Amino acid sequence: MHTLRINASVAYDVVIGHGLLAEAGDRLKALLPPCRAAVVSDSNVWPLYGKRVIGSLKSAGFDPIHFTVEAGEASKSMRTLAALLEFLAGERITRSDVLVALGGGVVGDLTGFAAACYLRGVRFIQLPTTVLAIVDSSVGGKTAVNLAAGKNLAGAFHQPSLVIADLDAFATLPRDVAADGMVEALKAGVLRDEALFDRLARNVSPTLSEEDAARCVAIKAEFVAEDEFDRGVRQQLNLGHTLGHAVERLSGFALPHGHAVAIGMALAARGAFARGLTDAETPLRIEAALKNLRLPVSSPYSAQELYEAALTDKKRSGGQVTLVLPRRIGKCELAPLPLEQFSDFIRAALEVRL
Ligand code: GLY
């Protein structure tokens, strides 16, 4: 088992290991006195792990209730948020109580945002069950729902009080969902750890060892401690996301997030090469690692389509877009680009030969 401390404005632990969902109640009890615990989950995860978590909370003295949303990105909406807030109010959840997010990124982001706004802020914990949620979205306090105009456009920074990542949950993940999360793990390697990247790049099955999961979380913890509110270096965690979100949006959200980010990361690396920032080996290694996991690396959309879709993303600020570009595997930098240069960047990334 690994325990990592996240040094944000509110410090908290991320516990990573096996068999941890059954211990969730006892671990929560070490933090707060028994209270009501509103468990939020989705229609895929609840039937698999709901009973285990409720049982663990009950035997530790908590009084659990639960709210289940439809699995999928569509639940990360103002409508579901409103239904969840009404549920909490109807159940008379107070500031002495706790919310528990049991599931992947959608459940974590939705529950975290509900915790940030309900009664102007209540505590919540994360029980991430997907690779993506464990290595990225459950840690760092970014919570949000989507608006019609784009992803994560309404949200808040609200740190969880505890993250319990039970890697046994990987066993029930469909292959594609696991591969989706591996993109965020590879991203951690491209950002800060070449040895991690090389280990993950050899994977042809989307599995993550406890050590590598802990290393990914440790990298995320460094970014969060350095820049909790995303004003500078934390933006590097957006590697692959500007064009990834554009692809996701153009697909009408039919392409899963990680698959879209895989394309975005490959394009960022190709564009960095086209600008002379890195050598051809960088995009080639990134693409080989993604292809090993059967993830897509090329865009089905034109430069103009990508440009227009990317402009709705919140990573645009004023007349510029800030991209994250690799210098080499293990080192990236922020590159603010005026919009005309951004359009050239996309074209070059699509056309460059390696
Ligand atoms: N997922 C990007 C971040 O937490 O900043």
Side-chain angles (χ1 to χ4, degrees), residues 4-12 14 16 73 76 101 103-113 115-116 124 126 128 130-146 150-160 163 165 180-193 196 208 213-249 256-265 268 310 313-317 321-326 332-335:
L4 292 107
R5 190 78 176 155
I6 308 297
N7 289 309
S9 45
V10 183
Y12 55 96
V14 179
I16 302 169
E73 187 74 22
K76 220 174 113 169
V106 168
V107 165
D109 285 8
L110 170 75
T111 309
F113 192 29
F124 82 113
Q126 294 265 20
T130 62
V131 179
L132 183 142
I134 288 174
V135 301
D136 187 44
S137 61
S138 68
V139 178
K142 277 192 183 175
T143 74
V145 296
N146 303 328
K151 274 182 71 93
N152 298 328
L153 290 185
F157 287 96
H158 187 58
Q159 299 292 342
V163 181
D180 216 48
M182 291 301 289
V183 178
E184 302 288 350
L186 281 166
K187 181 190 81 178
V190 177
L191 289 173
R192 290 224 167 146
D193 187 338
L196 170 70
L208 195 59
R215 182 63 193 129
C216 291
V217 172
I219 290 170
K220 175 114 197 210
E222 287 170 16
F223 282 107
V224 172
E226 283 170 52
D227 176 25
E228 178 177 354
F229 296 106
D230 209 21
R231 307 233 158 81
V233 71
R234 181 171 177 170
Q235 291 172 21
Q236 287 196 16
L237 291 167
N238 293 330
L239 172 63
H241 283 63
T242 301
L243 290 172
H245 282 170
V247 169
E248 200 177 357
R249 194 175 160 70
H257 176 75
H259 286 56
V261 172
I263 295 171
M265 203 151 76
D313 198 90
K314 66 184 181 325
K315 286 177 251 325
R316 169 189 179 184
S317 116
V321 168
T322 299
L323 294 179
V324 186
L325 302 179
C332 292
E333 65 186 27
L334 294 176

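Just so it is clear, the values below take in all heavy atoms, side chains as well, and ignore hydrogens, waters and symmetry mates. Note that the coordinates shown come from a computational prediction; the quantities given were computed from them, not determined experimentally. Counting starts at 1 for both ligands and their atoms, in listed order.
Nearest heavy-atom pair across G264 and L243 is CA-CB, 4.1 Å.
Residues in residues 213-226 take part in these side-chain hydrogen bond (donor to acceptor under 3.5 Å, both in side chains) pairs, two or more places apart or across chains: D136-K220, R192-E222, R192-E226, D193-R215. Among pairs with a residue in residues 229-243, those fulfilling salt bridge (charged side-chain N to carboxylate O under 4.0 Å, His left out) read K142-D230, at least two apart in sequence or across chains.
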Note down each nitrogen or oxygen pair, ligand 1 side and protein side, whose separation is under 3.5 Å; give only atom names and the distance to 0.1 Å.
unit_1	atom_1	unit_2	atom_2	d
ligand 1	1 (N)	D136	OD1	3.3
ligand 1	1 (N)	D136	OD2	3.1
ligand 1	4 (O)	K220	NZ	2.5
ligand 1	4 (O)	R234	NH2	2.8
ligand 1	5 (O)	K142	NZ	2.8
ligand 1	5 (O)	R234	NE	2.8
ligand 1	5 (O)	R234	NH2	3.4

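Among residues two or more places apart in sequence or in another chain, the side chain to side chain donor-acceptor pair (under 3.5 Å) test is passed with Q236 by none.
When only modelled atom types and interatomic distance are considered, H241 and E184 share a side-chain donor-acceptor pair under 3.5 Å.
Residue I16 is tested with L4, V163, L208, V135 for a side chain to side chain contact (heavy atoms under 4.5 Å, CB included); the sole match is L4.
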